[in-house]
Amino acid sequence: MALVAAEGPLFAEVDMGADSSAATVRATVVQASTIFYDTPATLDKAERLLAEAAGYGSQLVVFPEAFVGGYPRGSNFGVSIGNRTPKGKEEFRKYHASAIDVPGPEVERLAGMAGKYKVYLVMGVIERDGYTLYCTVLFFDSQGRYLGKHRKLMPTALERIIWGFGDGSTIPVFETPIGKIGAAICWENKMPLLRTAMYAKGIEIYCAPTADSRDVWQASMTHIALEGGCFVLSANQFCRRKDYPPPPDYVFTDTEEDLNPESVVCAGGSVIISPSGTVLAGPNYDGEALITADLDLGEIARAKFDFDVVGHYSRPEVLSLIVRDHPATPVTFTSAPLKPEGPHK
């Protein structure tokens, strides 16, 4: 597959066998770094990237995991078993301050961007709910409406010391004029039962914001596209050491002395894959980029003819799944209704 570098995004030269009866959606995955500890500047950067993608005709734009709020790569927040240091607690305070409330003013600004540029927007954020943080994906339609969110069900390794756990109430798949859109974040994409729940909701455009830039990630993305008969759009940050605060304000544990400002600490690997397993654009490991492809939605039916994991290729009398999709709240007050989740502007 050839990639053509234009002035802006990377477009794949792929003949998808499109026909005039199937809709085509232009989609972009953004590969760019957070401006760490500076949420207003990160939102400004997001708008610049969104405007550029819209200028190339993109109808759907997907940002990486934790783009707003930041992915705290290399940090251990001063934690060892049985101990948390004062410096690590202050680091968490700053990280908490960079997170956003959902709903809140930053969500309103993101909704405004989606409406301004007439795109569907999938944005990775760090959500602040009181004093607990969640790794979350927010969804917006092209009219500037907030549709809802997905909270990461299972943070990985040390992520569990800073992020809470999502529940079954935030595994949405949104039916839109450009297809059924949902998301799973980073390694929760390896959870077969979560994927099955999303397939059962009819997902067609499967967004996979991530922080994993290893080559083996590509195998997972290709497998999901083939298994689900869906398009997979994986967006990762491309970061150098200089994109994070310098030491001693921010330290990459165990590797800081080996790094210089230009050292790559996350190499990207953002990619778009078709339901047949064809790589349509990417993976890109060269730097910040907009990675764009045209999605022939007719490809979904062609793939499902071969394999429909929750349809003609299922055996529910042998294997089945129950999803507990109610909110798992620690305290319930019988006199107070739950907060509405959306949609709203």
Next item on the list: Give the minimum heavy-atom separation between V62 and C207, together with the two atoms involved.
Entry: CG2-SG, 3.8 Å

Next item on the list: Could you go through the side-chain contact (heavy atoms from CB on, under 4.5 Å) check for Y95 and I126 one step at a time?
Entry: CA-CA 9 Å; Y95 191 54; I126 300 303; 3.3 Å; yes

Check: Do the ring centers of Y120 and F174 come within less than 6.0 Å of each other?
Finding: no

Margin query: Any heavy-atom pair between the side chains of H150 and M198 that's under 4.5 Å?
Written below: no

Item checked: Test log, rule side-chain contact (heavy atoms from CB on, under 4.5 Å), inputs V122 and V137 -> CA-CA 7 Å; V122 178; V137 169; 3.4 Å; yes

Check: Does any N or O in the side chain of T85 come within less than 3.5 Å of the main-chain N or O of G88, such that one atom is a donor and the other an acceptor?
Finding: yes

Check: Which atoms form the tightest heavy-atom contact between I224 and C230, and what is the distance?
Finding: O-SG, 4.0 Å

Notebook entry, point to check: Are the side chains of V102 and Y146 in touch, meaning some heavy atoms are under 4.5 Å apart?
Noted result: yes

Next item on the list: Please check if L226 and V279 belong to a single hydrophobic cluster, counting links between Ile, Leu, Val, Met, Phe, Trp and Tyr side chain heavy atoms closer than 4.5 Å.
Entry: no

Next item on the list: Indicate yes or no: at least one non-hydrogen side-chain atom of F238 is less than 4.5 angstrom from one of D286.
Entry: no

Next item on the list: Check whether any side-chain N or O of K304 sits under 3.5 Å from a backbone N or O of G228 as a donor-acceptor pair, and report yes or no.
Entry: yes

Check: Do any N or O atoms from the side chain of R73 and from the backbone of A211 form a donor-acceptor pair under 3.5 angstrom?
Finding: yes

Check: Is the shortest heavy-atom distance from the side chain of L138 to the side chain of I100 under 4.5 Å?
Finding: yes

Checklist line | Closest non-hydrogen atom pair between A208 and S234, with its separation | finding: O-OG, 3.0 Å

Item checked: Nearest non-hydrogen partners of F140 and A114, listed with the distance -> CB-CB, 3.8 Å

Note to self: Donor-acceptor check, side chain of E299 to backbone of S274, threshold 3.5 angstrom: yes or no?
What the structure shows: no

Note to self: Before you tell me yes or no, could you show the steps for R302 and D296 under salt bridge (charged side-chain N to carboxylate O under 4.0 Å, His left out), namely the whole-Å CA-CA distance, both residues' side-chain angles and the distance that decides it to 0.1 Å?
What the structure shows: CA-CA 11 Å; R302 291 189 282 271; D296 168 21; 2.5 Å; yes

Checklist line | Over 12 non-hydrogen atoms of neighbours within 6.0 angstrom of CD in E257 | finding: no

Note to self: If we ignore hydrogens and angles and just use 3.5 Å, is the side chain of E175 paired with the main-chain N or O of K180 as donor and acceptor?
What the structure shows: no

Notebook entry, point to check: What heavy-atom pair brings V29 and S270 nearest, and what distance separates the two atoms?
Noted result: CG2-CB, 4.0 Å

Notebook entry, point to check: Under 4.5 Å between any side-chain heavy atoms of W217 and N189, yes or no?
Noted result: yes

Check: Is E106 paired with R109 through a side-chain N to carboxylate O contact shorter than 4.0 Å?
Finding: no

Check: N76 versus D254: any side-chain heavy-atom pair under 4.5 Å?
Finding: no

Notebook entry, point to check: Would T34 and Q237 count as having a side-chain donor-acceptor pair, cut-off 3.5 Å?
Noted result: yes

Notebook entry, point to check: Does one hydrophobic cluster hold both I203 and F307, with members joined at side-chain heavy-atom distances below 4.5 Å?
Noted result: yes

Next item on the list: Examine distances only and state if a side-chain atom of E188 and a backbone atom of L153 form a donor-acceptor pair shorter than 3.5 Å.
Entry: yes

Margin query: I need the minimum non-hydrogen distance between P64 and A32, along with the two atoms involved.
Written below: CG-O, 4.1 Å

Item checked: Over 12 foreign heavy atoms within 6.0 Å of NZ, K89 -> no

Check: Can you tell if the side chain of M113 reaches within under 4.5 Å of the side chain of M123, non-hydrogen atoms only?
Finding: no

Checklist line | Atom pair CG/OG1 of D294 and T24 - distance to nearest 0.5 Å | finding: 6.5 Å

Check: Is atom CG of N83 surrounded by more than 12 heavy atoms (other residues, nucleotides or ligands) closer than 6.0 Å?
Finding: yes

Notebook entry, point to check: For Y313 and E227, does a side-chain donor sit closer than 3.5 Å to a side-chain acceptor?
Noted result: no

Note to self: Closer than 3.5 angstrom, by distance alone: can the side chain of R128 be matched with the main-chain N or O of H96 as a donor-acceptor pair?
What the structure shows: yes

Check: Between E90 and K87, is the closest basic N to carboxylate O distance under 4.0 Å?
Finding: no

Notebook entry, point to check: Do you reckon Y71 sits in the same ILVMFWY cluster as Y285, going by side-chain contacts under 4.5 Å, direct or chained?
Noted result: no

Margin query: For a quick check under 3.5 Å, do Y250 and E91 share a side-chain donor-acceptor pair by atom type?
Written below: no

Check: Would you say the side-chain atoms of R241 pair up with the backbone N or O of S263, donor to acceptor, closer than 3.5 Å?
Finding: no

Check: With hydrophobic residues grouped by side-chain heavy-atom distances under 4.5 Å, do F36 and F92 end up in a single group?
Finding: yes

Note to self: Taking the side chain as everything from C-beta on, heavy atoms only, tell me whether P261 gets closer than 4.5 Å to R240.
What the structure shows: no

Check: So Y117 and E52, side chain to side chain donor-acceptor pair (under 3.5 Å) or not? Walk me through it.
Finding: CA-CA 10 Å; Y117 299 105; E52 186 175 352; over 6 Å; no

Next item on the list: Answer yes if F139 and F231 sit in the same cluster of Ile, Leu, Val, Met, Phe, Trp and Tyr residues linked by side chain heavy atoms under 4.5 Å apart, and no otherwise.
Entry: yes

Check: Got a salt bridge between K201 and D325, using NZ or NE/NH1/NH2 to carboxylate O under 4.0 Å?
Finding: no

Checklist line | Evaluation steps, side-chain contact (heavy atoms from CB on, under 4.5 Å), between K45 and E288 | finding: CA-CA 12 Å; K45 182 174 183 177; E288 294 198 345; 2.9 Å; yes

Notebook entry, point to check: Would you find a donor on one side and an acceptor on the other, under 3.5 Å apart, between the side chain of T39 and the backbone of S98?
Noted result: yes

Checklist line | Electrostatic pair E317:R315 at N-O distance under 4.0 angstrom | finding: yes

Checklist line | L60 CG to R26 CZ distance, which is reported to the nearest 0.5 Å | finding: 12.5 Å

Check: Taking S314 for the side chain and P316 for the main chain, is one N or O donor matched with an acceptor at less than 3.5 Å?
Finding: no

Item checked: Rounded distance [0.5 Å steps], CD1 in I205 versus CD1 in I300 -> 6.5 Å

Check: Which class fits the ring pair Y244 and F252: parallel under 30°, tilted 30 to 60°, perpendicular over 60°?
Finding: perpendicular

Item checked: Verdict with reasoning, S142 to Q59, per side-chain contact (heavy atoms from CB on, under 4.5 Å) -> CA-CA 8 Å; S142 60; Q59 299 157 275; over 6 Å; no

Notebook entry, point to check: Would D212 and T210 count as having a side-chain donor-acceptor pair, cut-off 3.5 Å?
Noted result: no

